[in-house]
Structure formats: structure tokens, C-alpha cells
Amino acid sequence: MAIVRGFQKNYQSPITNYQNEDKMAEDKLPTRAEDFSEWYNQLVVRADMADYSPVRGCMVVKPYGWALWENICSWLDAEFKKTGHVNAAFPTLIPMSFFEKEKEHVEGFAPELAVVTHGGGQELEEKLAVRPTSETIIGHMYAKWVKSWRDLPLLIVQWGSVMRWELRTKLFLRTAEFYWHEGHTAHASEEEAKEEMYRILDIYERFCLEEAAIPVFKGTKSETERFAGAQITTSIEAMMWDKRALQSGTSHYFGDNFSKAFEIQFLNKDNKLTYAQTTSWAISSRIIGAMIMVHGDDNGLVLPPRLAPIQAVVVPIFKNDVEKEKVMEVANRLFAELKAAGVRVKFDDRDNVSSGFKFNDWEMRGVPVRVEMGPKDVEKGTVALARRDKPGREGKTFVSQDGIADTVKTLLTDVQASLLKRATEYRDSNIHDAKTFDELKKVVQDGWAFAYWCESTECEKKVKEEAKATTRNIPFHQPDAEGKCVVCGKPSKRKVYFAKAY
RNA sequence: CGGGGCGUGGCGCAGUCCGGCUAGCGCGCUUGCUUUGGGAGCAAGAGGUCCCGGGUUCGAAUCCCGGCGCCCCGACCA
């Protein structure tokens, strides 16, 4: 990975008395404005989230990144269980023939399959694909399990990883192997299956708003952007700092496409053999990339408090052993109070780095709140509280040591809310109505366009070719009025978001 | 799969054009002392099949041939 050295000359140090400007500059990230892609690449590694692996296109998720992922998973898992879903595990390897059973599915996934050809030193009679997604094998099993309307609905979630042979990869955003959950459900009726699809999309939306502090639009994907084999694909779409769009979760309705391919049939109440209606849905580890790109700033990661592996870090400051003893005693007490109050707190007692280093270090890692205390604080009964969403000294306030747990908890709530507010305002100020094709082309250079569209593939294709933007989704919330397609001028009932996307 | 760049201690690089003697530098790491309120200093250390294979040569990180790998930019995709 190339570290870009040319940024040194542009860097304005906020610290005036630092002796070695060059060294300081090298330690900084490139700013987002200078090189967003490089900012991201360096940040993911330096914040200790993930590392490059010896396997092409695959990442190693480090403990700090995985802890974040676990927090994401546990919230979602709880929601899925509340809505009647259960977890199960299916094989990583799938017979190749399974992919040929659903025509669109094979067309969509065949180019990106990793295939196992040998086992135990022998060439296999039937090659096995490393799952790129599990509709096929789960469909196969569902066919065995579903015989009666009493067996439905079948609501199963699998947590694991899948593999798609991606040509260009980027940590978290697009890796050959990635982590996710995939829900696969089978229902007796179309209504019920569609309800399920929307129910899950609502959970995804709430996750993004309440937990990740990322505003999203729920909507329907166009025909060309639809999942391979789906009749309806819905998605939640988020805007990153560079104004590109990221599909952050999807929920699909398959109708009977997969149940016909895999013969998932049951006897309904009228004793008629009927194909089941199926859905599938997923949020992947790319959501971590979304959090980085929505909230991160030029000092590093900014994690939403509700998901942050470490919500608060206690940093003691002292000059000598006498001071150390006094400071450590109080710092330990505050740490214990925070821990007892259920705050995910870390005590940074490293003695080989300076406090200034620690401040920058925890800012790089995105810890939402920092509790600093030195000899002066011990005397005054105060601590310095630094909130990550306002980096540097401006985010610092001095508060009483009394009731520190409540103070920190309130601040965490406040940070969580302000991240969502900031992200929402940023997004909304970068979405513009486009009434003409020229306007649209201009808008998507640096933002999203919201425009009427006739929903024809031809117009969509034209936008893609000439504006290099794709349709993101047709949001559920639509204006009352109708309009004219931004491309061809034909009457249009619904508006769509156009944007450059990841 | 097209275009570009690069493979040299853990990381980032110099050296390669024009072959030469103990392969350097910065960061990091280890130990010690002094430090610690916004990226500390000094000292002493540890650490290298110069991507791989072959060739040319008295001699190859450097030249030649052939591989492999990685990163970036495009097309495609969660």
C-alpha cells in the first residue's frame, strides 16, 4: 500500500510548538478532501479495524473491528429473534449444479464463483462452489422440510461468510470473502412474503438510524439493479462523505422463482399442492465501511456510541511518581464507576507513550468519549471530557468527578444523536431535484439527484452511460404530484435517486 | 479483463539508469535513563533468501529472459 507523502506540504499543524513538523505530518492521515480513497485505506488499517491478508482480495478483521461487528450482529440478532426468526448453519460448499437451477441466479453469480475441484487428493466428480450466497442450498433443504402449510412460515437466518471473486477489492467495502447474515424465509402466501420483506427492511432502517447513526432511504431497486433471481429487491441507501451512495442492506422477494427451481411445495389448507413464496435479505460487513465513510473525519474514525467497542477511555496524566499515585487512585475510581454503570470503558495505563499520543491514538480509533485527568483535576475534583465528534480542544469540557457515570452516559447519548443529525443534514443538503437531463448530469458529479423517471431500462442506461450514475432506489416516500421523466420526458409517477455508487 | 505503478528488515522508502568491496535511511521494536495537560528526548541493541527461477559476468538488489504477487485507475458487483 502506498503511503502518500506529497500531503506533507499541505498539512497545517494545529500544534504550534511541535519541533518536528515533517514527522508529525507523516503520522497524519491524508485529509478526506485531498484523497478520500487513500484516507479510507489508511484509516482502516491505522484504526486497527482490519489488515490485508496473504490471500488476494480477502481481509483479516482485527479484534477491534470484529468487536464492532459483534455489536452490530447482536443488535440485529435480537431483532430477528423478536420477530420469530431462528438461526441455523448451512454448508460453505454448494454443488455446482444447484446454480443452474435458477436461470437469472446462475447468470448473476457464475462469473464470481470460487470453485473447489479437488478433495482429499482426488478430482471431484461434481465441482463444488464456495457459496456466494445461500439461496440455492437453503432452497434445496427447504424443499425437504416444507410439506404442509403447517410448516410455514419458515424463518431462518444464517450468520457467516460468503465468497465472491471480486476484481477490485477494498477493505470492508468489497472483499472476496465477506461477513454477513442472510435471512431466508418461506411463506404460504405472496402477501405474507412481501410483508416479511418490508418488515426486515424496517429493521434495517432502524438499525441504521438508531445504532449506526446513518440516515437511509428505503425503496425499491430498478429492474437492472435487482438481485439475481428476485422479483422485487428493496434496499436502504446511504450517502457517504464523498457523496457516493452505498447500498447498505437489501431485502428481496422471490415470489416462486426459487421454490419452482428447487421444488419447495406444500399442501395448503384446501389440500392443493402450492409453491412457497420466499424471501432473502442481508446486511454485510460493508456496513462497517459505511460507518467509517459517513462519520469519520480527518483525525480518524468516529464511531457511534451505541456500537463502539470502547465507548469511553480513561487517560491519566502525571509528571512524576507522587502525581502518578494521586492521579491513578482517582482515575481507577472513576474507571470502576463507569464500568459499574455499564459503560464499555477502557483504562489507558500505558506508560511508554505520552498523553498527547494517547489523545491522537484514541481519536484515530474513534472512541466517542475520552475522560482525561491530571494533577489539576485531582485538586479541583474535575475531569476533562472530550467528545470525539468535535475533535481537538474544542470538544473538551471540564466537569465534576461526582456523578461521572451519568455525565458520560448523557454525553454518549448526545454524541449519538448529533452524529445522526450531522449525517442527515449533510445528506439532505447534497440531494438536489433534477428536472432536466443536463441538470441531472451536473448534480450527480457532486451529490445525488432526485428526479422523475419513466422506469424504462433505456433511460436508466442512458444515465449510466452519460452521467456515470446509477439509479439507487425508488423511495417508498413519494411526492403527491406526478411528473415527467428526467431523461425522455414521458409521464412518470415516481421519483428515483440517481447517484454514483460504491 | 484493459491502463498505470511497485516488489529491498515489521512498515515506508533510497540505492537500479551507468554492476564493485561491510545493502543504507526514517518510523516501529527491545533495554536503560530522563519525560508525560495534544503525536517526547538521548544512548545502546535486535532484525535482511534485496519477490521467485534461469542466464550474462571475476563479481548482480543493479544487466538480460521467463514467471509470480501486490496496489491504484477504469468496466462489473453487497
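Everything numeric in this text was worked out from a predicted model, so none of it was measured. Proteins get letters first, then strands, A, B, ... in listed order; numbering begins at 1 in each. Reckoned from all heavy atoms, side chains included, excluding hydrogens, waters and symmetry mates.
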Checking all strands, does A:Lys464 fall into the base, sugar-phosphate, or nothing category for heavy-atom contacts under 4.0 angstrom? sugar-phosphate
For A:Thr175, report the nucleic acid contact type (base, sugar-phosphate, nothing); a contact means any heavy atom under 4.0 Å. base
Which one, B:G38, B:A78, B:U36, comes nearest to the side chain of A:Arg370? B:G38
Distance check needed: B:U34 C1' versus A:Phe318 CZ, whole Å only. 14 Å
Aromatic plane relationship, A:Phe36 with A:Trp39 - under 30° parallel, 30 to 60° tilted, over 60° perpendicular: parallel
To the nearest angstrom, how far is A:Tyr52 atom OH from B:G7 atom C1'? 16 Å
What does A:Phe178 touch in the nucleic acid at a heavy-atom separation under 4.0 angstrom: a base, only the sugar-phosphate, or nothing? base
Residue A:Asn41, side-chain atoms from C-beta onward, closest of B:C72, B:A78, B:G38: B:C72
Please work out if A:Gln247 contacts a base, only the sugar-phosphate, or nothing of the nucleic acid, heavy-atom cut-off 4.0 Å. sugar-phosphate
Under a 4.0 Å heavy-atom cutoff, the residues of residues 278-299 of chain A touching RNA chain B are A:Ser284, A:Arg286
Does A:Asp361 contact B:G39 through a side-chain donor or acceptor facing the base, at a distance under 3.5 Å? no
For RNA chain B, what dot-bracket results from Watson-Crick or G-U pairs at under 3.5 Å, with [ ] for crossers and | for inter-strand partners? ((((((((.[[[[.)....(...]]]].((((((.....)))))).....[[[[[..)....]]]]])))))))....
Using the side-chain heavy atoms of A:Glu112, tell me which of these nucleotides is nearest: B:C77, B:G38, B:G37. B:C77
Lys/Arg N to Asp/Glu carboxylate O, A:Glu223 vs A:Arg226, below 4.0 Å: no
note: A:Asn352, atom CG; B:G28, atom P; distance rounded to Å ~ 11 Å
Report the nucleotide, chosen from B:G38, B:C73, B:C77, that has the shortest atom-to-atom distance to any side-chain atom of A:Ser37. B:C73
Cationic tip of A:Lys396 above A:Phe359 ring, under 6.0 Å, 45° of axis: yes
Mind running salt bridge (Lys or Arg N to Asp or Glu O under 4.0 Å) on A:Arg365 and A:Asp361 for me, showing each step along the way? CA-CA 6 Å; A:Arg365 289 167 145 79; A:Asp361 195 32; 2.9 Å; yes
With a non-hydrogen cut-off below 4.0 angstrom, is A:Pro111 in contact with a base, only sugar-phosphate, or nothing? nothing
Close approaches to RNA chain B from residues 59-77 of chain A, in residue order (heavy atom, under 4.0 Å): none
Does a distance-only test, which skips hydrogens and angles, find a donor-acceptor pair under 3.5 Å between the side chain of A:Lys396 and the base of B:G38? yes
What is the ring orientation for A:Trp159 with A:His181, classed by angle as parallel under 30°, tilted 30 to 60°, or perpendicular over 60°? tilted
